[in-house]
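Before any comments, here is the structure.
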Amino acid sequence: MTNKLKYFVGNWKMFGDFGSIKIIYQIERFSAKFNRRNIKNKIIFCIPFTLIYFFIKKIKSKLISIGAQNCHHHSAHGPYTGSVNASMLKSVGAKYVILGHSENRLEGDTNLLIKNKITSALNKKLNIIFCIGETLKEKNKHKTLLVLKNQIKGSIERKHNLSKIIIAYEPVWSIGTGKIPKAIDLKKIFEFIKNEFKKIFKTKKFPVVLYGGSVNSSNIRFFSSISEIDGFLIGGDSRSSKKFIDIIKNYYK
Ligand code: PGA
């Protein structure tokens, strides 16, 4: 068993209303008891913009942090109908923001656009959960490592506050499909991401790297055996308190 801090991050995507706060309450209650066992974990929920302020007002403890799932790259106000920027997120109390999710890349987010979003979110002192991952086609062409390297180099800069950037490795073919990578591939990929990050940005510290894609309470034991993984970005199974709690329980079993 490792003593290192582990992250369990929920990504609700387009889900939730005010009533969904009960999911968070249940996880908060579980976490208050569970943490007495001296287990070091960090729980973050990235929820829709419409719920951030309400949830932050409702959550009494520091056991759960709240984040957003995207932001606009401009930090000033402007003619961007429907958009929300990093200063707006900061003003409602968000602590984290997911950037570069493959679902947003599919809708047109490029490495450069993501870089501008990262810069503007860091300027507002938000923590970043930066998603990278290869498609099935890229995997089959053995391009995974190259794709990951380009995504990292294309969106992160040495001048960024690197300690506020968490990387989430999410193979696109694994998101919502029930398919997960092999242990041998995961080990290689996580080592690669961590070592490349240090090399590219000439930093001494390894980044925190999460895994995301079809994580559930049955396969979490498999992932917990891979020590390079610092935590998880959980989509589908973060919308049920029972499933999310079972993931954490089984991780430490
Ligand atoms: P999933 O989603 O857990 O439903 O596969 C993960 C994500 O998209 O972050």
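For clarity, every value in this text was computed on a predicted model and none was experimentally measured. For ligands, and for the atoms within them, numbers begin at 1 and follow the listed sequence.
- Listed by number with element, the atoms of ligand 1 under 4.0 angstrom from any heavy atom of G236 are 1 (P), 3 (O), 4 (O).
- Where the criterion is an N or O separation shorter than 3.5 Å, residue side chain and backbone included, E103 fails it with respect to ligand 1.
- Applying the 4.0 Å criterion to heavy atoms of G213 picks out, from ligand 1, the atoms 5 (O).
- Here the heavy atom of the protein found nearest to atom 3 (O) of ligand 1 is G235 N, 2.9 Å.
- Proximity of the aromatic rings of F232 and Y7 is defined here by a centroid distance below 6.0 angstrom, and this criterion is not met.
- Applying side-chain contact (heavy atoms from CB on, under 4.5 Å) to I129 and the options V97, N11, V208, I98 leaves one that passes, I98.
- Those atoms of ligand 1 that come under 4.0 Å of a heavy atom in H101, given as number and element, are 7 (C), 8 (O), 9 (O).
- Looking only at protein heavy atoms, the nearest one to atom 9 (O) of ligand 1 is E170 OE2, 2.6 Å.
- In this structure, G212 does not count as a contact residue of ligand 1, since none of its heavy atoms falls inside 4.0 Å of the ligand.
- When all heavy atoms are compared, the tightest approach of I245 to Q26 is CD1-O, 3.9 Å.
- Contact atoms of ligand 1 toward L233: 9 (O) (distance under 4.0 Å to a heavy atom of the residue).
- Of the options I47, L51, L89, V92, a side-chain contact (heavy atoms from CB on, under 4.5 Å) to I66 is made by I47 and by none of the others.
- Within a 6.0 Å sphere centred on NZ of K188, other residues, nucleotides and ligands contribute 12 heavy atoms or fewer.
- The cationic atom of K198 (NZ for Lys, CZ for Arg) lies less than 6.0 Å from the six-membered ring centre of F206 and within 45° of the ring axis.
- Both the backbone and the side chain of I175 come within 4.0 Å of ligand 1, judged by heavy-atom distances.
- Here the two rings, on Y251 and F223, have centers that are 6.0 Å apart or farther.
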